[in-house]
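Residue numbers start from 1 in every chain, and the chains themselves are labelled A, B, ... in the order their sequence lines are given, proteins ahead of strands.
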Amino acid sequence: MAHTLNLSSDQSFSLSLTLGCGQAFRWEQDEAGWWEGVVGDEVIRVRQEDRSLTFTGTSEERLIEYFALDMDLAHVLETIDRDPFIHAAIEECAGLRILRQPSWECLLSYLCATNTNIPMVKKRVRLLAESLGERIPGTDQFAFPVPSVFNETCAEPLDHCRLGYRKGYLATTACQLAAEGGWEGRVRAQPFEEARQVLTRLPGIGPKAADCVLLFGFSRYEAFPVDVWIRRIMQQFYPETAAEGSFTPKEYERIRRFAWEYFGEYAGYAQEYLYGARMGAAQIP
DNA sequence: GCCCAGGACGGAA
DNA sequence: TTCCGTCATGGG
(Lines give C-alpha, C1' and ligand atoms only; values in the text may rest on other atoms or scores of the structure.)
Protein backbone atom coordinates (compact mmCIF):
# COMPACT_ATOMS: atom_id res chain seq x y z
CA MET A 1 0.00 0.00 0.00
CA ALA A 2 1.63 3.20 -1.18
CA HIS A 3 1.25 6.37 0.84
CA THR A 4 1.60 9.93 -0.31
CA LEU A 5 3.06 12.83 1.62
CA ASN A 6 2.65 16.30 0.19
CA LEU A 7 5.30 18.80 1.19
CA SER A 8 4.26 22.34 1.89
CA SER A 9 5.59 25.07 -0.39
CA ASP A 10 8.03 26.33 2.25
CA GLN A 11 9.31 22.84 3.06
CA SER A 12 12.40 22.43 0.89
CA PHE A 13 13.44 18.82 0.29
CA SER A 14 15.46 16.91 -2.30
CA LEU A 15 15.21 13.14 -1.90
CA SER A 16 18.01 12.46 -4.38
CA LEU A 17 20.49 14.84 -2.79
CA THR A 18 19.64 13.63 0.69
CA LEU A 19 20.10 9.95 -0.16
CA GLY A 20 22.81 10.39 -2.78
CA CYS A 21 25.27 12.61 -0.90
CA GLY A 22 26.95 9.72 0.90
CA GLN A 23 25.63 10.17 4.45
CA ALA A 24 23.78 6.81 4.47
CA PHE A 25 25.00 3.58 2.91
CA ARG A 26 21.96 1.37 2.39
CA TRP A 27 20.03 3.19 -0.33
CA GLU A 28 19.91 2.42 -4.06
CA GLN A 29 17.91 4.01 -6.84
CA ASP A 30 16.29 1.97 -9.61
CA GLU A 31 15.67 2.94 -13.25
CA ALA A 32 12.15 4.13 -12.50
CA GLY A 33 13.40 6.66 -9.95
CA TRP A 34 12.44 4.74 -6.82
CA TRP A 35 14.86 4.73 -3.91
CA GLU A 36 14.93 1.54 -1.85
CA GLY A 37 16.70 1.29 1.46
CA VAL A 38 16.74 -0.52 4.78
CA VAL A 39 16.23 1.51 7.93
CA GLY A 40 16.02 -0.44 11.15
CA ASP A 41 13.88 -3.46 10.36
CA GLU A 42 11.94 -1.82 7.52
CA VAL A 43 12.48 -1.85 3.76
CA ILE A 44 11.42 1.58 2.59
CA ARG A 45 10.69 2.48 -1.03
CA VAL A 46 10.24 6.14 -1.82
CA ARG A 47 10.20 8.48 -4.80
CA GLN A 48 9.72 12.19 -5.23
CA GLU A 49 7.80 14.15 -7.84
CA ASP A 50 8.08 17.84 -7.12
CA ARG A 51 6.43 18.38 -3.73
CA SER A 52 5.00 14.88 -3.50
CA LEU A 53 6.61 11.88 -1.79
CA THR A 54 5.23 8.45 -2.54
CA PHE A 55 6.43 5.70 -0.22
CA THR A 56 5.85 2.16 1.05
CA GLY A 57 7.26 0.15 3.93
CA THR A 58 6.95 2.64 6.77
CA SER A 59 4.61 5.12 8.39
CA GLU A 60 4.37 8.80 7.60
CA GLU A 61 5.51 9.54 11.14
CA ARG A 62 8.74 7.54 10.77
CA LEU A 63 9.36 8.93 7.28
CA ILE A 64 9.15 12.48 8.61
CA GLU A 65 11.44 11.55 11.49
CA TYR A 66 14.07 9.82 9.32
CA PHE A 67 14.23 12.54 6.69
CA ALA A 68 13.96 15.31 9.31
CA LEU A 69 11.05 16.82 7.42
CA ASP A 70 9.91 18.49 10.62
CA MET A 71 12.98 20.72 10.63
CA ASP A 72 12.83 24.31 9.44
CA LEU A 73 15.54 23.89 6.81
CA ALA A 74 15.23 27.45 5.53
CA HIS A 75 16.10 28.77 8.97
CA VAL A 76 19.07 26.41 9.29
CA LEU A 77 20.47 27.48 5.91
CA GLU A 78 19.94 31.12 6.77
CA THR A 79 22.19 30.78 9.81
CA ILE A 80 25.08 29.19 7.89
CA ASP A 81 24.85 31.41 4.80
CA ARG A 82 27.93 33.44 5.67
CA ASP A 83 29.76 34.07 2.37
CA PRO A 84 29.61 33.50 -1.40
CA PHE A 85 31.25 30.05 -1.17
CA ILE A 86 28.77 28.47 1.18
CA HIS A 87 25.99 30.43 -0.51
CA ALA A 88 26.78 28.76 -3.84
CA ALA A 89 26.79 25.36 -2.14
CA ILE A 90 23.40 26.10 -0.58
CA GLU A 91 22.01 27.03 -3.98
CA GLU A 92 23.47 23.96 -5.64
CA CYS A 93 22.30 21.46 -3.01
CA ALA A 94 18.92 23.00 -2.24
CA GLY A 95 16.77 20.58 -0.27
CA LEU A 96 19.56 18.40 1.09
CA ARG A 97 18.68 17.33 4.62
CA ILE A 98 20.74 15.57 7.25
CA LEU A 99 19.08 12.24 8.05
CA ARG A 100 18.27 10.92 11.51
CA GLN A 101 19.89 7.52 11.21
CA PRO A 102 19.62 4.82 13.86
CA SER A 103 22.72 5.47 15.96
CA TRP A 104 23.84 1.82 16.30
CA GLU A 105 24.13 1.14 12.59
CA CYS A 106 25.44 4.65 12.02
CA LEU A 107 28.29 4.01 14.46
CA LEU A 108 29.32 0.68 12.96
CA SER A 109 28.87 1.95 9.40
CA TYR A 110 31.27 4.81 9.95
CA LEU A 111 33.68 2.47 11.68
CA CYS A 112 33.75 0.67 8.30
CA ALA A 113 34.36 3.96 6.47
CA THR A 114 37.96 4.71 7.47
CA ASN A 115 40.56 5.06 4.72
CA THR A 116 38.26 3.76 2.01
CA ASN A 117 35.57 4.96 -0.40
CA ILE A 118 31.78 5.06 -0.33
CA PRO A 119 31.13 2.07 -2.64
CA MET A 120 33.28 -0.12 -0.38
CA VAL A 121 31.50 1.09 2.75
CA LYS A 122 28.16 0.23 1.15
CA LYS A 123 29.45 -3.22 0.29
CA ARG A 124 30.72 -3.84 3.83
CA VAL A 125 27.47 -2.71 5.44
CA ARG A 126 25.46 -4.91 3.07
CA LEU A 127 27.68 -7.91 3.83
CA LEU A 128 27.34 -7.25 7.56
CA ALA A 129 23.56 -7.31 7.21
CA GLU A 130 23.58 -10.46 5.09
CA SER A 131 26.04 -12.27 7.37
CA LEU A 132 24.67 -11.32 10.78
CA GLY A 133 21.32 -9.61 10.26
CA GLU A 134 17.78 -10.95 10.05
CA ARG A 135 16.07 -11.32 6.71
CA ILE A 136 13.17 -8.91 6.49
CA PRO A 137 10.02 -10.97 5.79
CA GLY A 138 8.62 -10.71 2.30
CA THR A 139 11.75 -9.06 0.92
CA ASP A 140 15.25 -9.98 -0.22
CA GLN A 141 16.77 -7.48 2.21
CA PHE A 142 18.44 -7.95 5.58
CA ALA A 143 18.22 -5.70 8.61
CA PHE A 144 21.41 -4.33 10.09
CA PRO A 145 22.56 -6.80 12.79
CA VAL A 146 21.21 -6.10 16.26
CA PRO A 147 23.70 -5.62 19.13
CA SER A 148 23.11 -9.07 20.68
CA VAL A 149 24.55 -10.96 17.67
CA PHE A 150 27.94 -9.40 18.36
CA ASN A 151 29.42 -11.94 20.77
CA GLU A 152 32.17 -14.59 20.81
CA THR A 153 30.61 -16.35 17.81
CA CYS A 154 30.64 -13.41 15.43
CA ALA A 155 34.30 -13.65 14.40
CA GLU A 156 33.73 -16.19 11.63
CA PRO A 157 30.84 -14.37 9.88
CA LEU A 158 32.81 -11.11 10.07
CA ASP A 159 35.53 -12.76 7.97
CA HIS A 160 33.24 -12.57 4.95
CA CYS A 161 32.53 -8.85 5.21
CA ARG A 162 35.69 -7.48 3.52
CA LEU A 163 36.47 -5.41 6.59
CA GLY A 164 40.23 -5.75 6.40
CA TYR A 165 42.03 -4.40 9.44
CA ARG A 166 38.75 -2.91 10.67
CA LYS A 167 37.42 -6.34 11.61
CA GLY A 168 39.06 -6.39 15.04
CA TYR A 169 37.92 -2.84 15.82
CA LEU A 170 34.35 -3.61 14.83
CA ALA A 171 34.22 -6.84 16.82
CA THR A 172 35.67 -5.23 19.93
CA THR A 173 33.53 -2.10 19.83
CA ALA A 174 30.30 -3.88 18.92
CA CYS A 175 30.77 -6.59 21.57
CA GLN A 176 31.65 -4.05 24.23
CA LEU A 177 28.63 -1.82 23.58
CA ALA A 178 26.30 -4.81 23.22
CA ALA A 179 27.48 -6.19 26.56
CA GLU A 180 27.28 -2.87 28.40
CA GLY A 181 24.15 -1.43 26.87
CA GLY A 182 22.91 2.08 27.44
CA TRP A 183 25.64 3.75 25.41
CA GLU A 184 23.15 5.67 23.27
CA GLY A 185 21.54 7.25 26.29
CA ARG A 186 24.93 8.16 27.70
CA VAL A 187 25.99 9.85 24.46
CA ARG A 188 22.66 11.64 24.16
CA ALA A 189 22.80 12.94 27.73
CA GLN A 190 26.30 14.40 27.45
CA PRO A 191 27.34 17.84 26.24
CA PHE A 192 28.89 17.74 22.77
CA GLU A 193 32.58 17.49 23.64
CA GLU A 194 31.99 14.85 26.31
CA ALA A 195 29.79 12.81 23.97
CA ARG A 196 32.57 13.02 21.40
CA GLN A 197 35.07 11.70 23.94
CA VAL A 198 32.81 8.75 24.77
CA LEU A 199 32.79 7.80 21.09
CA THR A 200 36.49 8.35 20.37
CA ARG A 201 37.42 6.01 23.20
CA LEU A 202 35.87 3.16 21.21
CA PRO A 203 38.35 1.10 19.16
CA GLY A 204 38.20 2.10 15.49
CA ILE A 205 36.36 5.36 16.19
CA GLY A 206 38.54 8.43 15.81
CA PRO A 207 37.64 12.11 15.49
CA LYS A 208 36.21 11.84 11.98
CA ALA A 209 34.00 8.83 12.64
CA ALA A 210 32.84 10.27 15.98
CA ASP A 211 31.81 13.52 14.31
CA CYS A 212 29.90 11.62 11.60
CA VAL A 213 28.07 9.54 14.21
CA LEU A 214 27.18 12.62 16.23
CA LEU A 215 25.93 14.41 13.12
CA PHE A 216 24.06 11.63 11.31
CA GLY A 217 23.14 9.36 14.23
CA PHE A 218 22.51 11.82 17.07
CA SER A 219 21.44 15.03 15.28
CA ARG A 220 24.29 16.97 16.87
CA TYR A 221 24.57 19.63 14.21
CA GLU A 222 27.60 21.34 15.71
CA ALA A 223 29.66 18.33 14.55
CA PHE A 224 31.89 19.11 11.56
CA PRO A 225 33.50 15.91 10.22
CA VAL A 226 36.72 16.62 8.32
CA ASP A 227 37.68 14.03 5.71
CA VAL A 228 40.23 14.46 2.93
CA TRP A 229 37.60 16.16 0.73
CA ILE A 230 36.46 18.64 3.35
CA ARG A 231 40.07 19.44 4.09
CA ARG A 232 40.65 20.29 0.42
CA ILE A 233 37.53 22.45 0.38
CA MET A 234 38.70 24.30 3.48
CA GLN A 235 42.17 24.80 1.96
CA GLN A 236 40.52 26.35 -1.06
CA PHE A 237 37.82 28.51 0.53
CA TYR A 238 39.08 29.14 4.08
CA PRO A 239 42.89 28.93 3.79
CA GLU A 240 43.38 30.44 7.25
CA THR A 241 42.29 27.12 8.79
CA ALA A 242 43.83 24.40 6.68
CA ALA A 243 47.50 23.67 6.01
CA GLU A 244 49.50 21.84 3.37
CA GLY A 245 51.32 18.58 3.88
CA SER A 246 50.21 15.76 6.13
CA PHE A 247 46.87 16.04 7.87
CA THR A 248 47.53 16.20 11.61
CA PRO A 249 45.07 15.88 14.51
CA LYS A 250 45.99 19.44 15.44
CA GLU A 251 44.84 20.70 12.06
CA TYR A 252 41.65 18.66 12.32
CA GLU A 253 40.95 20.38 15.61
CA ARG A 254 41.66 23.83 14.17
CA ILE A 255 39.32 23.26 11.22
CA ARG A 256 36.39 22.02 13.27
CA ARG A 257 36.74 24.80 15.85
CA PHE A 258 36.80 27.37 13.06
CA ALA A 259 33.74 25.83 11.46
CA TRP A 260 31.82 25.85 14.71
CA GLU A 261 32.65 29.50 15.39
CA TYR A 262 32.13 30.59 11.80
CA PHE A 263 28.99 28.69 10.80
CA GLY A 264 27.49 28.34 14.27
CA GLU A 265 25.33 25.65 15.82
CA TYR A 266 24.46 24.15 12.42
CA ALA A 267 28.07 23.81 11.23
CA GLY A 268 27.34 20.20 10.31
CA TYR A 269 24.85 21.38 7.70
CA ALA A 270 27.53 23.62 6.23
CA GLN A 271 29.82 20.59 6.06
CA GLU A 272 27.25 18.51 4.19
CA TYR A 273 26.44 21.28 1.71
CA LEU A 274 30.11 21.98 1.00
CA TYR A 275 30.71 18.26 0.55
CA GLY A 276 27.66 17.77 -1.64
CA ALA A 277 28.53 20.72 -3.85
CA ARG A 278 32.11 19.50 -4.31
CA MET A 279 30.98 15.98 -5.12
CA GLY A 280 28.78 17.58 -7.72
CA ALA A 281 25.12 17.80 -6.89
CA ALA A 282 24.39 17.38 -10.59
CA GLN A 283 26.06 13.98 -10.65
CA ILE A 284 23.91 12.63 -7.85
CA PRO A 285 21.03 10.71 -9.47
C1' DG B 1 53.60 -1.59 -10.31
C1' DC B 2 51.70 3.09 -8.48
C1' DC B 3 48.33 6.21 -5.83
C1' DC B 4 44.11 7.00 -3.54
C1' DA B 5 39.82 6.41 -0.77
C1' DG B 6 34.19 10.16 4.04
C1' DG B 7 41.27 7.37 9.08
C1' DA B 8 42.86 5.22 13.27
C1' DC B 9 46.42 3.25 16.00
C1' DG B 10 50.83 2.18 18.32
C1' DG B 11 55.31 3.32 18.89
C1' DA B 12 59.18 6.49 18.11
C1' DA B 13 60.99 10.94 18.53
C1' DT C 1 53.10 16.14 23.12
C1' DT C 2 53.59 15.53 18.20
C1' DC C 3 55.15 12.85 14.00
C1' DC C 4 55.34 8.46 11.23
C1' DG C 5 54.78 3.89 9.38
C1' DT C 6 51.30 0.59 9.02
C1' DC C 7 47.01 -1.38 8.62
C1' DA C 8 43.24 -4.63 4.27
C1' DT C 9 40.72 -3.73 0.32
C1' DG C 10 39.49 -2.45 -4.18
C1' DG C 11 39.39 0.92 -8.30
C1' DG C 12 41.71 3.88 -11.54
> Quick one: A:Met279 CE to B:dA5 P, roughly how many Å, whole number?
9 Å
> Is the positively charged end of A:Arg232 above the ring of A:Trp229, judged by distance under 6.0 angstrom from the centroid and angle within 45° of the axis?
yes
> Do the charged groups of A:Arg256 and A:Glu193 touch, with an N to O distance under 4.0 Å?
yes
> When we call it a touch if two heavy atoms are under 4.0 Å apart, what does A:Pro207 touch: a base, just sugar-phosphate, or nothing?
sugar-phosphate
> Please check if any side-chain donor atom of A:Asp227 sits under 3.5 Å from a side-chain acceptor atom of A:Tyr275, or the reverse.
no
> Could you check how far CZ of A:Arg162 sits from C1' of C:dT9, rounded to whole Å?
7 Å
> Quick one: label A:Glu272 by what it contacts on the DNA or RNA (base, sugar-phosphate, nothing), any heavy atom closer than 4.0 Å.
base
> Is there a donor-acceptor pair closer than 3.5 Å between any side-chain N or O of A:Arg126 and the backbone N or O of A:Arg26?
no
> Between A:Tyr169 and A:Leu111 (side chain of the first, backbone of the second, donor and acceptor by atom type, cut-off under 3.5 Å), is there such a pair?
no
> For A:Lys250 and C:dC4, what is the distance between atoms NZ and P respectively, to the nearest whole Å?
14 Å
> Measure the distance from CE on A:Met120 to C1' on C:dT9 and round it to the nearest whole Å.
5 Å
> Starting at atom CZ of A:Phe247, determine the distance to atom C1' of C:dT2, rounded to an integer number of angstrom.
15 Å
> Would you classify A:Leu202 as touching base, sugar-phosphate or nothing, given that sugar-phosphate means primed atoms plus P, OP1 and OP2, and contacts are heavy atoms under 4.0 Å?
sugar-phosphate
> If we take the P atom in both C:dC4 and B:dG6, what is their distance in whole Å?
25 Å
> Measure CG/A:Leu199 against P/B:dG7 and give the value in whole Å, please.
17 Å
> Where the side chain of A:Ala209 is concerned, which of B:dC4, B:dA8, B:dG6 is the nearest nucleotide?
B:dA8
> Return the 5'-most residue of the pair A:Tyr169, A:Pro225 with respect to DNA chain B, ranking by each residue's nearest nucleotide.
A:Pro225
> May I ask you to evaluate whether A:Arg166 reaches the phosphate of C:dC7, defined as a side-chain N or O under 4.0 Å from OP1 or OP2?
no
> Expressed in angstrom and rounded to an integer, what is the separation of A:Trp229 atom CH2 from B:dC4 atom P?
11 Å
> In whole Å, measure the gap between the P atoms of B:dG11 and C:dA8 for me.
15 Å
> Using the C1' atoms only, state how far C:dT2 lies from B:dA5, rounded to an integer number of Å.
25 Å
> At under 4.0 Å between heavy atoms, what does A:Ile205 touch on the DNA or RNA strands: base, sugar-phosphate, or nothing?
sugar-phosphate
> May I ask you to say what A:Arg231 touches in the nucleic acid, namely base, sugar-phosphate or nothing, with a heavy-atom cut-off under 4.0 Å?
nothing
> Which nucleotide wins on minimum distance to the side chain of A:Thr248, given the candidates B:dG6, C:dC3, B:dA5?
C:dC3
> Is A:Arg97 close enough and on-axis enough to A:Phe13, meaning under 6.0 Å and within 45°, for cation-pi?
no
> Over all strands shown, is A:Pro203 touching base, sugar-phosphate only, or nothing at heavy-atom distances under 4.0 angstrom?
sugar-phosphate
> Could you give the OH-to-P distance, from A:Tyr165 to B:dA8, as a whole number of Å?
9 Å
> Heavy atoms under 4.0 Å, any strand shown: does A:Val228 hit a base, just sugar-phosphate, or nothing?
sugar-phosphate
